[in-house]
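Structure record follows, encoded as structure tokens.
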Amino acid sequence: MTSRHTIDAPVALAPARRVTGYVPGGFDMLHVGHLNILRAARARCDRLVVGVATDESLRRMKGKDPVIPLKERCELLAALRFVDAVVVDLDQDKRVAWRLQPFDVLFKGDDWKDTPKGERLEAELAEVGARVVYLPYTASTSSTMLRRFLSPDEVEAELGEGLAVTK
């Protein structure tokens with residue numbers, strides 16, 4: 001007699017593996033470019049965690065204070081319906097973030113793709129079993145552009161450094 005499954009016999013199926021995504025960033029002056037990355041990331045994972053850089057980290061990276069303080073940036077991001085969790089991102093090394101809040105995929109703008117910092121990020125995350133997925137970067141707006149618009153004095157100072165700005 002041969003063994004056959006009948007309709008009445010349950011078949012054990014492995015549960016689908018849930019994918020946790022992570023989007024790190026400063027998120028200073030939340031804008032449509034941030035929303036584009038976050039929505040695209042959420043469409044590619046089951047759970048989306050956003051890592052928000054500390055004020056001190058932004059000062060080190062950009063040489064300027066953030067316009068919106070860390071606590072308020074976290075509140076703004078937590079209010080978005082497609083964000084499942086918001087954490088403070090303590091270090092530029094994303095392995096630190098992974099150890100505190102494990103994730104499967106880190107999403108980054110494609111302006112990082114094929115750059116030394118993107119390649120370093122990919123290598124570091126491969127060490128912990130995570131991968132990097134690049135999403136389209138919105139070139140039409142950025143926190144830097146907004147800051148220039150809001151701070152004409154900074155623009156004037158930068159013009160002296162050879163930057164051209166049109167109004």
Side-chain angles (χ1 to χ4, degrees), residues 5-62 66-147:
H5 290 285
T6 66
I7 288 183
D8 296 332
V11 177
L13 298 175
R17 186 167 182 279
R18 292 180 44 90
V19 174
T20 298
Y22 185 76
V23 179
F27 301 101
D28 195 18
M29 296 185 286
L30 190 63
H31 56 74
V32 74
H34 294 136
L35 292 177
N36 290 342
I37 289 280
L38 294 169
R39 279 192 286 239
R42 184 61 174 92
R44 290 163 173 79
C45 64
D46 300 299
R47 180 169 186 266
L48 181 62
V49 178
V50 178
V52 183
T54 65
D55 293 350
E56 295 77 21
S57 177
L58 287 178
R59 272 186 219 105
R60 279 193 310 273
M61 285 187 291
K62 308 273 185 181
V67 173
I68 300 172
L70 174 63
K71 184 176 187 289
E72 292 177 18
R73 289 183 278 131
C74 290
E75 286 181 38
L76 288 167
L77 290 158
L80 299 174
R81 69 179 175 269
F82 43 83
V83 172
D84 296 300
V86 176
V87 298
V88 175
D89 195 320
L90 301 171
D91 199 286
Q92 292 212 328
D93 183 342
K94 298 310 165 208
R95 292 171 296 190
V96 173
W98 184 89
R99 286 181 195 104
L100 296 173
Q101 179 73 56
F103 52 85
D104 303 294
V105 183
L106 182 143
F107 296 100
K108 205 68 183 151
D110 62 8
D111 56 322
W112 277 56
K113 191 173 184 172
D114 298 323
T115 67
K117 60 186 179 177
E119 291 167 0
R120 184 174 56 249
L121 178 64
E122 292 171 31
E124 289 172 354
L125 289 181
E127 292 175 16
V128 296
R131 62 191 172 95
V132 177
V133 170
Y134 296 98
L135 299 172
Y137 175 77
T138 304
S140 62
T141 189
S142 71
S143 297
T144 301
M145 288 178 190
L146 292 173
R147 184 184 285 269

Subject >> With sequence neighbours excluded, residues passing side-chain contact (heavy atoms from CB on, under 4.5 Å) with I37 >> reply: V23, L135
Compile the donor-acceptor pairs under 3.5 Å between side chains in residues 75-82 and protein atoms, sequence neighbours left out, one pair per line.
residue	atom	partner	partner atom	Å
E75	OE2	K71	NZ	2.9

Original post:
Which residues satisfy the salt bridge (Lys or Arg N to Asp or Glu O under 4.0 Å) test with D84, sequence neighbours excluded?
Top reply: R42
Original post:
What heavy-atom pair brings P69 and V67 nearest, and what distance separates the two atoms?
Top reply: CD-O, 3.9 Å
**OP:** Only pairs at least two apart or in different chains count here, so list each side-chain hydrogen bond (donor to acceptor under 3.5 Å, both in side chains) that has a residue in residues 47-58.
**Re:** D55-R73
Original post:
Who pairs with K113 by salt bridge (Lys or Arg N to Asp or Glu O under 4.0 Å), at least two apart in sequence or on another chain?
Top reply: none
Original post:
Any idea which heavy atoms bring G26 and V52 closest together, and the distance?
Top reply: O-CG1, 3.9 Å
Subject >> Contact summary for L58 and P66, nearest pair of heavy atoms >> reply: CD1-CB, 3.9 Å
Subject >> Interatomic spacing from NE2 in H34 to CG in D28 - rounded to 0.5 Å >> reply: 8.0 Å
Subject >> Residue pairs, two or more places apart or on separate chains, that pass side-chain hydrogen bond (donor to acceptor under 3.5 Å, both in side chains) and touch residues 96-109 >> reply: R17-D104
**OP:** Evaluate side-chain contact (heavy atoms from CB on, under 4.5 Å) for F27 paired with L38, printing each intermediate quantity in order.
**Re:** CA-CA 11 Å; F27 301 101; L38 294 169; 4.2 Å; yes
Original post:
L106 versus P24: any side-chain heavy-atom pair under 4.5 Å?
Top reply: yes
**OP:** Please name all residues satisfying ring pair (Phe, Tyr, Trp, His ring centres under 6.0 Å) with Y22, sequence neighbours left out, ordered by chain then number.
**Re:** F103
Subject >> Closest heavy-atom pair and its distance - A41, F107 >> reply: CB-CD1, 3.4 Å
Subject >> Residues in side-chain hydrogen bond (donor to acceptor under 3.5 Å, both in side chains) contact with Q92, at least two apart in sequence or another chain >> reply: none
Let me check something: any side-chain donor-acceptor pairs from residues 118-130 under 3.5 Å, sequence neighbours excluded? List them with distances.
residue	atom	partner	partner atom	Å
E122	OE2	Y134	OH	2.5
E127	OE1	R95	NH1	2.6
E127	OE2	R95	NH1	3.3

Original post:
Is any side-chain heavy atom of V88 less than 4.5 Å from a side-chain heavy atom of L70?
Top reply: yes
